[in-house]
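What follows is a short report on a single structure.
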Amino acid sequence: MKLNSVLILCFMLLGNWQLGTAAKSNEPTQINFTQTMPTEGNLILGVFKDGQLGPQGQAIDKASDGALSHAIQAADFEAKTKTTHLITAPMGSGLDQILLVGLGDRDETKTKLQWQDIGGHAIQKAVSLFKTSPVMVADVAELDNRAEITANIAFGAQIGSYYFDKYYTDKKRHKHQQSLSFFTESLAQTRDHFKQELEPVAKGLWYTRNIANEPANVIYPESFVAQWRAHFKGMDNIKIKVLDEKDMLKKGMGAIYGVGQGSQRPPRMMIVEYMGGTNNEAPVVLVGKGITFDTGGISIKGSKNMWNMKFDMAGAAATMGTVYALAGREAKVNVVGIAALAENMPGSKAQRPGDVVTSMSGKTIQIRSTDAEGRLVLADGMYYGDVTYDPTIMVDLATLTGSASRALGRDYGALFTRHDDLVPDFIEAGKASGDEVWQLPLNKNHFKAIENNVADVMNSGPDAPGASAGAAFVGTFVRETTPWVHLDIAGVAWGDKTTPSKGSPGATAFGVRLLNQYIKNNFE
Ligand code: BES
Ligand code: MN
Ligand code: ZN
């Protein structure tokens with residue numbers, strides 16, 4: 001080949017590569033740290049409320065004869081957290097524009113989450129203002145834990161820079177950044193902390209969001225398994241087992257099998273073991289509802305918001321995302337993630353209201369509504385997890401009921417348990433991580449409400465509050481001696497607004513940060 005044709009081919013490949021990556025995948029924003037102050041392009045600069053610039057701000061100010069501090073004063077920029085102000089960079093600095101970012105009070109009491117939110121908010125603002133990626137300079141050199149602070153700002157920025165814009169063919173609409181850079185005075189410390197503790201969680205969140213955002217013609221039980229398999233590839237201590245519909249029949253998993261029956265896409269159960277702890281330590285078992293699309297089945301849903309039911313596998317995705325995060329940071333804990341996957345369709349083979357199915361536990365279930373399908377796939381997933389692993393604790397994550405979402409809105413995931421002593425640790429982990437939870441009741445009446453005169457139980461409890469009846473149903477398939485927490489995330493797994501830490505509208509990956517934090521606090 002002649003040199004010019006090689007060059008043309010290279011350009012074509014380059015062009016295609018950019019287009020190709022935009023259309024096919026949505027990779028986590030790459031985070032870089034640098035010890036060199038930029039001398040061109042755009043800058044994000046942290047400023048505390050007292051107006052006293054940090055060392056890097058001071059240097060810019062000095063080099064520009066006080067132009068920076070003058071601009072801050074002239075604008076009356078108070079530097080409260082989550083406020084920003086854009087200024088033209090002082091002459092001579094070589095820079096184009098500086099986005100001032102409020103850091104609030106100069107104290108050491110801000111939580112990691114607050115620093116993360118500062119990073120997320122700053123980047124979202126910068127992405128909307130700048131055409132090229134800026135360098136962020138938190139300018140916190142005087143604070144003792146500056147490396148950890150900068151790493152947390154970068155983490156917040158990384159998850160805040162999530163945009164699901166891969167399907168836009170118009171490049172001008174793309175907000176996704178290839179990479180972001182952060183200035184730090186302690187390069188090695190900042191980078192190590194970020195890589196070891198934070199980036200694996202950010203990536204777990206990222207992949208969880210990607211999978212929950214994908215439409216159901218892209219993510220169905222088999223492709224869910226394939227995508228997570230690809231993400232887990234090359235990670236140590238990971239073992240993956242997948243049950244197909246034949247395995248389900250053999251194991252007597254009639255509940256998940258029944259849900260999958262109405263669809264061309266066969267059901268799957270994906271089991272990922274991460275054994276980072278000691279050999280004979282009982283694992284934490286996480287089970288996620290993985291309905292890749294919920295039409296309601298024969299008890300079909302209304303059409304208005306049905307499109308949104310592509311995210312009905314958010315619990316299963318967050319389960320996998322959590323295992324990914326733990327394995328990525330080499331957490332010293334044994335964890336098993338189980339994704340109970342099926343597509344709930346009203347095909348000609350679909351199960352009907354009134355049908356009776358036998359679950360793996362041996363308990364029989366009368367189907368009252370085929371739209372209460374999440375609890376059915378969980379019944380087999382949770383029972384399997386309970387008897388296979390004898391867990392130290394079992395947590396299930398599910399977009400289970402509209403009722404939980406109506407009760408707690410978008411602010412809290414709904415927590416249910418028979419073991420009230422577990423609640424404070426979950427509330428604490430929620431506050432620290434940003435995935436907050438609130439307890440709703442689960443009592444004997446809720447178990448009573450799902451008793452049935454044809455089968456052992458039925459899959460809805462018309463006389464009980466919906467979320468509690470759902471919790472009682474899934475709890476029926478976990479031994480009472482197993483510490484167990486049910487998280488109904490129907491209201492929080494999806495967001496309509498951009499927030500610093502939950503990112504742009506769409507899947508929030510609720511559960512990944514909560515469970516990562518809970519496990520870190522209680523098991524590592
Ligand atoms: N996936 C839905 C719950 C849901 C609704 C999640 C809205 C997010 C937003 C679930 O499978 C469902 O249909 N639940 C029914 C249960 C009822 C039939 C007992 C519900 O909540 O109405
Ligand atoms: Mn449903
Ligand atoms: Zn559902």
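Every number for a ligand or one of its atoms is a count from 1 in the order of the listing.
The residues Glu428 and Lys431 are annotated as not salt-bridged, no charged nitrogen and carboxylate oxygen being separated by less than 4.0 angstrom. With respect to the salt-bridge test (charged N to carboxylate O, under 4.0 angstrom), the residues Arg410 and Asp496 qualify. Between Asp386 and Arg479 there is a salt bridge, with a side-chain nitrogen of the basic residue lying less than 4.0 Å from a carboxylate oxygen of the acidic one.
Just one of Trp206, Tyr163, Phe164 meets the ring pair (Phe, Tyr, Trp, His ring centres under 6.0 Å) condition when paired with His176; it is Trp206.
Excluding waters, the set of protein N, O or S atoms lying under 2.8 Å from the Zn ion (ligand 3) comprises Lys289 NZ, Asp294 OD2, Asp312 OD2, Glu373 OE2. The Mn ion (ligand 2) has Asp294 OD2, Asp371 O, Asp371 OD1, Glu373 OE1 as protein N, O or S atoms under 2.8 Å away.
Applying the salt bridge (Lys or Arg N to Asp or Glu O under 4.0 Å) test to pairs two or more places apart or on separate chains, those with a residue in residues 216-226 are Glu222-Arg268.
Heavy-atom minimum distance, Asp396 versus Trp484: OD1-NE1, 2.9 Å. In terms of heavy-atom proximity, Ser433 sits nearest to Gln517 at CB-CB, 3.9 Å. Closest approach of Gln158 to Thr29, counting heavy atoms only: NE2-O, 2.8 Å. For Pro462 against Ser460, the heavy-atom pair with the smallest separation is CD-O, 3.4 Å.
Ring geometry, Trp307 versus Trp494: the interplanar angle exceeds 60°, so the pair is classed perpendicular (tilted spans 30 to 60°). Aromatic ring orientation, Tyr324 versus Trp228: tilted (interplanar angle from 30° to 60°).
One finds the CD atom of Glu343 at 10.0 Å from the CG atom of Asp294 (value rounded to the nearest 0.5 Å).
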Identify all N/O pairs between ligand 1 and the protein with a separation under 3.5 Å and present them as a table of atom names and distances.
{"unit_1": "ligand 1", "atom_1": "1 (N)", "unit_2": "Lys289", "atom_2": "NZ", "d": "3.3"}
{"unit_1": "ligand 1", "atom_1": "1 (N)", "unit_2": "Asp294", "atom_2": "OD2", "d": "3.2"}
{"unit_1": "ligand 1", "atom_1": "1 (N)", "unit_2": "Asp312", "atom_2": "OD1", "d": "2.9"}
{"unit_1": "ligand 1", "atom_1": "1 (N)", "unit_2": "Asp312", "atom_2": "OD2", "d": "2.9"}
{"unit_1": "ligand 1", "atom_1": "1 (N)", "unit_2": "Thr399", "atom_2": "O", "d": "3.4"}
{"unit_1": "ligand 1", "atom_1": "11 (O)", "unit_2": "Lys289", "atom_2": "NZ", "d": "3.1"}
{"unit_1": "ligand 1", "atom_1": "11 (O)", "unit_2": "Asp294", "atom_2": "OD2", "d": "2.9"}
{"unit_1": "ligand 1", "atom_1": "11 (O)", "unit_2": "Asp371", "atom_2": "O", "d": "3.1"}
{"unit_1": "ligand 1", "atom_1": "11 (O)", "unit_2": "Glu373", "atom_2": "OE1", "d": "2.9"}
{"unit_1": "ligand 1", "atom_1": "11 (O)", "unit_2": "Glu373", "atom_2": "OE2", "d": "2.9"}
{"unit_1": "ligand 1", "atom_1": "13 (O)", "unit_2": "Lys301", "atom_2": "NZ", "d": "2.8"}
{"unit_1": "ligand 1", "atom_1": "13 (O)", "unit_2": "Asp371", "atom_2": "O", "d": "3.0"}
{"unit_1": "ligand 1", "atom_1": "13 (O)", "unit_2": "Asp371", "atom_2": "OD1", "d": "2.8"}
{"unit_1": "ligand 1", "atom_1": "13 (O)", "unit_2": "Asp371", "atom_2": "OD2", "d": "3.2"}
{"unit_1": "ligand 1", "atom_1": "14 (N)", "unit_2": "Leu400", "atom_2": "O", "d": "3.3"}
{"unit_1": "ligand 1", "atom_1": "21 (O)", "unit_2": "Gly402", "atom_2": "N", "d": "2.8"}

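Side chain of Thr417 to main chain of Asp420: no donor-acceptor pair is present (N/O by atom type, distance under 3.5 Å, no hydrogens or angles).
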